[in-house]
There are 2 protein chains.
Amino acid sequence: MSKRAADNNARKRATTALPDSPPTLEMVAKEAGVSIATVSRIINGTAKVSADRKDAVEAAIAKLNFRPNAAARGLALGKSNTIGVITQAIDSPFYAEGLRGIEDYLQQRGYTALFMSGNWNEADEERCMSELLSRRVDGIIIFSGRLQDRQLATYAKQVPLVVSGRSLKAPNIFSLPVDDERGALLATRHLIELGHTRIAFIAGILDHPDASLRFKGYRRALADAGIAHDPKLVVPGDFHEEGGVEATMRLLKSGHKFTALFCVNDQTAYGACLALYRGGLNCPRDISVVGFDDLHSSSYRVPPLTSVRQSIRVLGESSGAAMLQMLQGERPDISLPQVELIVRESTAAPRKE
Amino acid sequence: MSKRAADNNARKRATTALPDSPPTLEMVAKEAGVSIATVSRIINGTAKVSADRKDAVEAAIAKLNFRPNAAARGLALGKSNTIGVITQAIDSPFYAEGLRGIEDYLQQRGYTALFMSGNWNEADEERCMSELLSRRVDGIIIFSGRLQDRQLATYAKQVPLVVSGRSLKAPNIFSLPVDDERGALLATRHLIELGHTRIAFIAGILDHPDASLRFKGYRRALADAGIAHDPKLVVPGDFHEEGGVEATMRLLKSGHKFTALFCVNDQTAYGACLALYRGGLNCPRDISVVGFDDLHSSSYRVPPLTSVRQSIRVLGESSGAAMLQMLQGERPDISLPQVELIVRESTAAPRKE
DNA sequence: ACACCGGATGTAAGCGCTTACAAATTACGG
DNA sequence: CCGTAATTTGTAAGCGCTTACATCCGGTGT
């Protein structure tokens with residue numbers, strides 16, 4: 001609709017004098033007295049061009065303040081130099097750190113990241129996929145989404161996929177699982193070594209894979225130490241602060257004794273600490289608390305939170321790296337650093353009764 | 001580069017059998033036995049089309065799993081339905097909340113937000129602008145950037161701008177300033193009303209406008225109450241947790257007595273609380289602390305932080321709304337809710353000596 | 001029965017860019 | 001100084017889409 005576009009610009013120009021339609025290759029070519037092919041070649045360095053013309057063109061570009069139209073280039077090239085990224089919520093501190101890693105990595109390599117939030121539900125996530133596909137992104141990175149493996153495999157037929165924080169084998173998909181079980185094991189074992197035996201666990205959403213793997217690690221640590229697992233000490237949460245508060249309140253009210261609390265993630269731990277505080281309990285004197293993720297702000301909590309580090313930032317960078325490798329046609333050979341326990345001040349030996 | 005694009009697709013198909021080149025309008029038209037114009041009209045509802053053809057086309061679309069190519073449409077229409085958003089860091093909890101507001105608002109109205117981080121420096125911010133302009137976004141929202149007013153005014157000639165958290169008058173720019181001074185006044189007055197007279201202030205970066213407005217509010221509250229302002233009690237920070245820690249340490253070491261601490265933002269307050277804890281001081285018993293921004297996690301701190309709320313989320317939504325109004329050619333009539341003080345448990349009356 | 005009209009379709013141009021291919025220019029060797 | 005090869009440059013087609021304009025259709029009025 002050239003006509004409409006032109007009309008539009010004309011109208012705008014007339015009304016507000018503002019968005020002058022941006023310069024095009026053609027204008028630059030005319031200004032510099034060369035053909036548009038030459039201009040294109042100079043911009044992309046696609047071929048040798050005589051020095052004088054080059055100067056003329058560069059001058060014209062500067063004068064007109066020309067910027068190539070990415071849409072047109074994308075159309076001609078059949079690629080957008082854009083990587084779509086789907087998370088659950090852009091404002092979750094957890095995802096935000098990952099996004100940062102992705103953005104940093106991609107931006108330095110000439111790619112742009114396009115972020116979208118799935119809002120913890122499948123329908124929204126599909127909407128995101130659809131939008132990204134429509135924009136013809138070159139690849140999509142999914143941060144532990146809620147889409148079924150089967151659906152992902154289907155999408156992978158249309159675009160390369162990197163799935164972070166999840167294990168999934170399928171053609172055109174690369175997954176970067178986090179060692180949740182080992183992290184949970186480390187955390188729980190740390191509490192056991194401090195002398196705790198009554199260790200409660202605040203889980204995430206029941207059927208969530210991360211949650212169940214962490215639960216598994218928790219149980220294994222207990223078993224390894226010969227401590228009987230008490231189901232009464234396991235309560236569900238929601239991966240958010242609020243869930244941590246509620247779960248802890250429930251635990252406290254239930255009357256089941258415990259001296260330590262392992263939380264499925266840091267946000268849950270934040271909530272737990274608040275609930276303990278409300279209950280007049282001191283962390284770590286009365287109850288030790290361990291989180292998982294080691295969010296940036298965890299080291300600034302009062303007291304600083306002991307947590308399992310799995311640098312989300314690195315996860316993000318690695319996802320970006322894996323995607324770029326896939327785009328080169330290589331099989332990604334990326335691996336994540338091991339999870340590790342960061343001991344701070346929210347854990348201590350249990351109080352002598 | 002039709003040739004290259006075609007080659008590319010052909011190659012890919014041959015090698016990996018994966019990214020089959022996506023269906024086009026033309027394919028749909030052929031499949032349905034109509035012209036591409038008809039297909040386009042059905043997709044966009046641009047004109048009346050007989051029912052039987054419509055059914056045929058819809059069937060073809062479903063069968064081929066067709067999704068219009070956004071780049072091609074953008075090129076034809078001369079607009080991208082995309083709004084660029086520049087922040088300092090996507091992983092800062094402050095900006096993340098704003099981004100969420102923008103994303104929510106725009107997405108519901110058929111727009112997509114494209115986020116980029118300026119990393120607190122002008123060069124990166126310019127790079128972002130350049131990239132967004134190249135992508136021909138329909139408008140750009142800037143969250144309290146570091147670009148000079150003059151530069152912004154220049155950019156505004158090419159694209160409509162909304163500048164949040166900052167006051168700036170210029171054609172094609174709409175700014176949404178936050179009432180920093182009043183917020184700081186409220187916070188400081190609250191401390192005074194509790195009985196504090198020795199109130200320290202941890203500032204942000206020296207020349208930052210937000211910081212100086214908040215400083216102004218702080219001084220005004222003191223003046224209103226007839227309390228002399230002691231420059232010794234004002235120390236710089238960096239808007240981050242670390243700056244809060246350091247500033248507080250310095251304050252503590254200086255030996256200048258104070259019973260309350262007003263921090264330029266919540267992150268700084270988090271750091272301050274940690275430093276107090278390290279110094280064996282209890283908040284609020286020994287020292288009261290107030291922040292600014294009321295981040296989501298502030299209500300989950302131990303103790304929950306008293307803070308000035310200026311919902312960033314709403315700021316984001318409002319920015320989106322203003323941008324859409326500008327795009328309609330209207331002058332935005334958006335205004336922000338008043339800042340308000342949220343009193344929690346990090347403030348109390350000063351301890352009797 | 002015929003010219004005419006309004007609405008549903010189709011045809012084709014153009015959005016800004018890249019690049020295959022042709023044309024024009026330059027540099028050589030004889 | 002000319003023919004030919006090696007460059008540099010220009011021309012034009014095509015990427016997938018929208019829409020102005022032409023075409024075609026059945027239905028009216030007379």
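Letters go in sequence order (proteins before strands), and every chain restarts at 1.
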Problem set entry | B:Asn119-A:Arg100 side chain donor-acceptor pair, cut-off 3.5 Å | yes
Problem set entry | B:Glu103 versus A:Ser117, side-chain donor and acceptor atoms under 3.5 Å | yes
May I ask you to evaluate whether [X] reaches the phosphate of [N], defined as a side-chain N or O under 4.0 Å from OP1 or OP2?
X	N	answer
B:Ser50	C:dT9	yes
B:Asn44	D:dT18	yes
B:Thr46	D:dT18	no
A:Ser35	D:dT11	no
B:Arg73	D:dT18	yes

What is the separation between atom [atom1] on [X] and atom [atom2] on [N], rounded to the nearest whole Å?
X	N	atom1	atom2	result
B:Glu26	C:dA12	CD	P	13 Å
A:Leu75	C:dC15	CG	P	14 Å
A:Ile36	D:dT9	CD1	C1'	13 Å
B:Leu25	D:dC15	CG	C1'	13 Å
A:Arg135	D:dC17	CZ	P	15 Å
A:Leu77	D:dG16	CG	P	13 Å
A:Lys48	D:dT7	NZ	P	8 Å
A:Asn81	C:dT18	CG	C1'	14 Å

Problem set entry | A:Arg127 bridged to A:Glu131 by N-O distance under 4.0 Å | no
Problem set entry | Donor-acceptor pair under 3.5 Å, A:Arg136 side chain vs D:dG16 base |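 Under the 3.5 Å cut-off, the side chain and the base do not form any donor-acceptor pair.
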Give one of base, sugar-phosphate or nothing for [X], where a contact means two heavy atoms less than 4.0 Å apart.
X	result
B:Thr24	sugar-phosphate
A:Arg53	sugar-phosphate
B:Ser40	base

For this session: Ignoring the backbone of A:Ala37, work out which of C:dT11, D:dC17, C:dT19 is nearest its side chain.
Result: C:dT19
Exercise. Taking everything shown except B:Glu122 itself, do over 12 heavy atoms lie less than 6.0 Å from its CD?
Worked result: yes
Problem set entry | Contact check, side chains of B:Arg41 and B:Lys48, non-hydrogen atoms, under 4.5 Å |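 A side-chain contact under 4.5 Å is absent here.
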Exercise. Closest nucleotide of DNA chain D for B:Asn69 versus for B:Arg41: which of these residues is on the 5' side?
Worked result: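 Upstream on the strand: B:Asn69.
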